[in-house]
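In what follows, chains carry the letters A, B, and so on, assigned in the order in which the sequence lines appear, proteins first and then strands, with residues in each chain numbered from 1.
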Amino acid sequence: MRVCSAIMAAAFFASAAPAVANPALAAAEQSCTMSAREVLDEFIPLFFEQRNAKLAFETWVHPDYINHNPFAATGRDAAVNFLQPFFDANPEARYIVHRVIADGDLVAVHNEARFNPAGPPSAVVDIFRVENCKIVEHWDVVQQVPEQSANQNGMF
Amino acid sequence: MARRHFSAAPVIAAILAAAPALAEDAAVPACGRTVQQIADGFIPLFYEQGKVREAYEAFVAEDYRQHNPHATDGRDAAIAFLEPFYERNPGHRMVVHRVLVEDPYIVVHLHGFSSPEDRGAAAVDILRVENCQIVEHWDVTQPVPERSMNDNGMF
């Protein structure tokens, strides 16, 4: 009887396991061996380059994601619900990632946000904290690139 | 012959003993300090103690490349910009909240404010190190808004 119920439980869990299309995530969930940089190496193309906020966040961001951006509500769903409609409504919006710097559980992404092709871009640094192969926390600083600069080097 | 044998033995022993240490220190560049050591030297002096000239003369290259759009290139220009700022704003403080170091970069996430009542600004400085000197600087600055959509603060 005990054996039977154990087998039933195992069968139940096996059938309940979601089908995971992403092999990197499947491997990560079995045993979390990815570094913070490796997680961002997966997240950056999906989010910053393809602007697939829903897939990027649902795959790599923890549901209880702590967001420090003062213009966003905290949590993964709030981020997706804000970002995906924005990208859908603004297909011209682009991010250019200029450098990625990782140290332990933190990764900084220095990027250029070009949300409006006619307007000035913004300089952004996003800092992500990774725990157990998921992004669990996010800070950012955003500054519009001024029209004139005291030097010839650009902001990136 | 015997004498040479005896004198060589301690030398060989010293080389063997030193070998693991040499391997561990392989990441230290020829100039003698790692990027982490540069960060550990510069951050307390500049951000915490506000010793602009001392910090810049000790750690920043003369031909420092500046990406802050309000400042010109070079170490002396940075000192000439920052020293009067501190003189005008003696209450200005920078609180460093997190530091990331990955050769050749140092990332400093900080809160700058001029008084305890001042909401101040969030900033990230990115410094590039070459030959034990800070040779390049980027930054992004954003005023801390009065209200936030969340209760997490900006830091």
**Q** Under a 4.5 Å heavy-atom cutoff, which of B/His97, B/Arg98, B/His109 has the most pairs with chain A?
**A** B/Arg98
**Q** Under 4.5 Å from any heavy atom of chain A, what part of B/Val99 do you find: side chain, backbone, both or neither?
**A** backbone
**Q** Taking the ring centre of each residue, are A/His110 and A/Phe156 less than 6.0 Å apart?
**A** yes
**Q** Angle class for the A/Phe43/A/Phe47 ring planes (parallel below 30°, perpendicular above 60°, tilted otherwise)?
**A** parallel
**Q** Give, as side chain, backbone, both or neither, the part of A/Val145 having an atom under 4.5 angstrom from any heavy atom of chain B.
**A** neither
**Q** Parallel, tilted or perpendicular: which describes the rings of A/Phe115 and A/Tyr95, with under 30° parallel and over 60° perpendicular?
**A** perpendicular
**Q** Specify which of A/Ile127, A/Thr74, A/Asn67, A/Ile66 makes the most heavy-atom pairs with chain B at under 4.5 Å.
**A** A/Asn67
**Q** Under 4.5 Å from any heavy atom of chain A, what part of B/Asn68 do you find: side chain, backbone, both or neither?
**A** backbone
**Q** Counting only heavy atoms closer than 4.5 Å, note whether A/Ala123 contacts chain B via side chain, backbone, both or neither.
**A** both
**Q** Would you call B/Glu102-A/Arg37 a salt bridge at under 4.0 Å N-O?
**A** yes
**Q** Where does B/Ala71 contact chain A at under 4.5 Å (heavy atoms): side chain, backbone, both or neither?
**A** backbone
**Q** I'd like to know if the side chain of B/Arg75 and the backbone of B/Val60 have a donor-acceptor N/O pair within less than 3.5 Å.
**A** yes
**Q** Report which part of B/Val107 has an atom under 4.5 Å of a heavy atom belonging to chain A: side chain, backbone, both, or neither.
**A** side chain
**Q** Inspect the contact between B/Arg128 and B/Glu130 and indicate whether a charged nitrogen and a carboxylate oxygen are less than 4.0 angstrom apart.
**A** yes
**Q** Would you check, one step at a time, whether the test ring pair (Phe, Tyr, Trp, His ring centres under 6.0 Å) holds for B/Phe85 with B/His92?
**A** CA-CA 9 Å; B/Phe85 172 81; B/His92 191 264; 4.9 Å; yes
**Q** Between B/Ala77 and chain A, which part of the residue has a heavy atom less than 4.5 Å away: side chain, backbone, both or neither?
**A** neither
**Q** Counting heavy-atom pairs under 4.5 Å to chain A, which of B/His70, B/Arg147, B/Glu136, B/Gln66 comes out on top?
**A** B/Gln66
